[in-house]
Peer 1: 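Here you go, one structure.
Heads up: numbering here begins at 1 and tracks the sequence.
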Amino acid sequence: MAESFDIIIIGSGPGGYVTAIRAAQLGFKTAIVERAYLGGICLNWGCIPTKALLRSAEIFHYMQHAKDYGLVAEKVSYDAAAVVKRSRGVSKRLNDGVGFLMKKNKVSVIWGEALIDAPGKVTVKPAISEAPKNSDAPKGALGPGAYEASTSSSPPGRGHGCCRALSRTRNWCGPISKPWSPSACRSRCW
Ligand SMILES: Cc1cc2nc3c(=O)[nH]c(=O)nc-3n(C[C@H](O)[C@H](O)[C@H](O)COP(=O)(O)OP(=O)(O)OC[C@H]3O[C@@H](n4cnc5c(N)ncnc54)[C@H](O)[C@@H]3O)c2cc1C
């Protein structure tokens with residue numbers, strides 16, 4: 001039988017992993033599917049590793065102009081492989097950090113390529129991404145298989161009033177007769 005979650009998020013980039021953490025914090029049984037690296041483009045190829053490379057370039061530039069600052073730096077050179085290695089290391093640290101956050105917030109990580117077969121039905125196949133092969137699936141990650149998501153339930157222990165996740169005029173089951181005040185929302189949700 002397909003393992004069931006309240007919410008299944010596909011992709012663990014900054015959009016996905018933050019959503020997963022919040023969903024779990026609101027009490028939903030949450031899973032996140034990832035086919036390559038936790039943290040997505042930003043942590044693994046985009047924002048973070050590029051800034052790490054730029055930092056090396058910046059420091060190299062400063063060293064070339066050391067004299068301008070009253071400093072002496074002779075035979076300034078670079079080791080491109082070491083620069084890239086540092087950048088990969090920074091990404092790996094943050095990528096591990098996302099794994100830690102998933103565990104801490106009790107978000108199940110499902111490793112593989114997700115396909116939505118029908119509303120609420122997700123099949124996860126082995127990762128076939130063009131991404132660099134990742135042997136870093138966090139310990140305890142679930143694997144390929146059939147999964148179900150049912151968002152019809154309200155978060156456990158929060159009644160039907162999680163209005164911040166929806167709106168002041170809609171609760172978990174549908175429209176409400178009278179809009180809640182912000183304080184009513186707070187008392188029902190938090
Ligand atoms: C070179 C570069 C530099 C950047 N620099 C910056 C910056 O400095 N600041 C900034 O704000 N933004 C930057 N960005 C943009 C930033 O990376 C994106 O805005 C951000 O990553 C988008 O996050 P996301 O969660 O929407 O998707 P992504 O980060 O793209 O994550 C999507 C994730 O979903 C996974 N996935 C997709 N489909 C499936 C599937 N079917 N099954 C399982 N997993 C799946 C992918 O493997 C990936 O891990 C940069 C981008 C690049 C390319």
Peer 1: Please name the pair of heavy atoms, one in Ala20 and one in Val107, separated by the smallest distance, quoted to 0.1 Å.
Peer 2: O-CG2, 3.7 Å

Peer 1: Do Glu58 and His61 have side-chain heavy atoms sitting under 4.5 Å apart?
Peer 2: no

Peer 1: Does the side chain of Ser91 come under 3.5 Å of the side chain of Asn44 through a donor N or O and an acceptor N or O?
Peer 2: no

Peer 1: Give a yes or no answer on whether the side chain of Ser87 reaches the backbone of Pro49 with a donor-acceptor pair at less than 3.5 Å.
Peer 2: yes

Peer 1: Are more than 12 heavy atoms from other residues, nucleotides or ligands located less than 6.0 Å from atom NZ of Lys106?
Peer 2: no

Peer 1: Do you know which two heavy atoms are closest between Leu142 and Ser108, and how far apart they sit?
Peer 2: CD1-CB, 4.1 Å

Peer 1: Kindly say whether Lys125 contributes a backbone atom to a donor-acceptor pair with the side chain of Glu113 at under 3.5 angstrom?
Peer 2: no

Peer 1: List the steps, then state whether side-chain contact (heavy atoms from CB on, under 4.5 Å) holds for Met102 with Tyr17.
Peer 2: CA-CA 8 Å; Met102 296 299 100; Tyr17 83 79; 3.8 Å; yes

Peer 1: Counting neighbours of CD1 on Ile59 that are heavy atoms of other residues, nucleotides or ligands and sit closer than 6.0 Å, is the number greater than 12?
Peer 2: yes

Peer 1: Please report the shortest heavy-atom distance between Val84 and Leu53, naming the atom on each side.
Peer 2: CA-CD2, 4.2 Å

Peer 1: For a 4.5 angstrom cut-off between non-hydrogen side-chain atoms, does Leu38 reach Trp111?
Peer 2: yes

Peer 1: Please check if the number of heavy atoms outside Phe60 that lie under 6.0 Å from its CZ is greater than 12.
Peer 2: yes

Peer 1: State, yes or no, whether a side-chain contact exists between Asp117 and Val122 at a heavy-atom distance under 4.5 Å.
Peer 2: no

Peer 1: For the residue pair Trp45 and Tyr37, categorise the inter-ring angle as parallel (less than 30°), tilted (30 to 60°) or perpendicular (more than 60°).
Peer 2: perpendicular

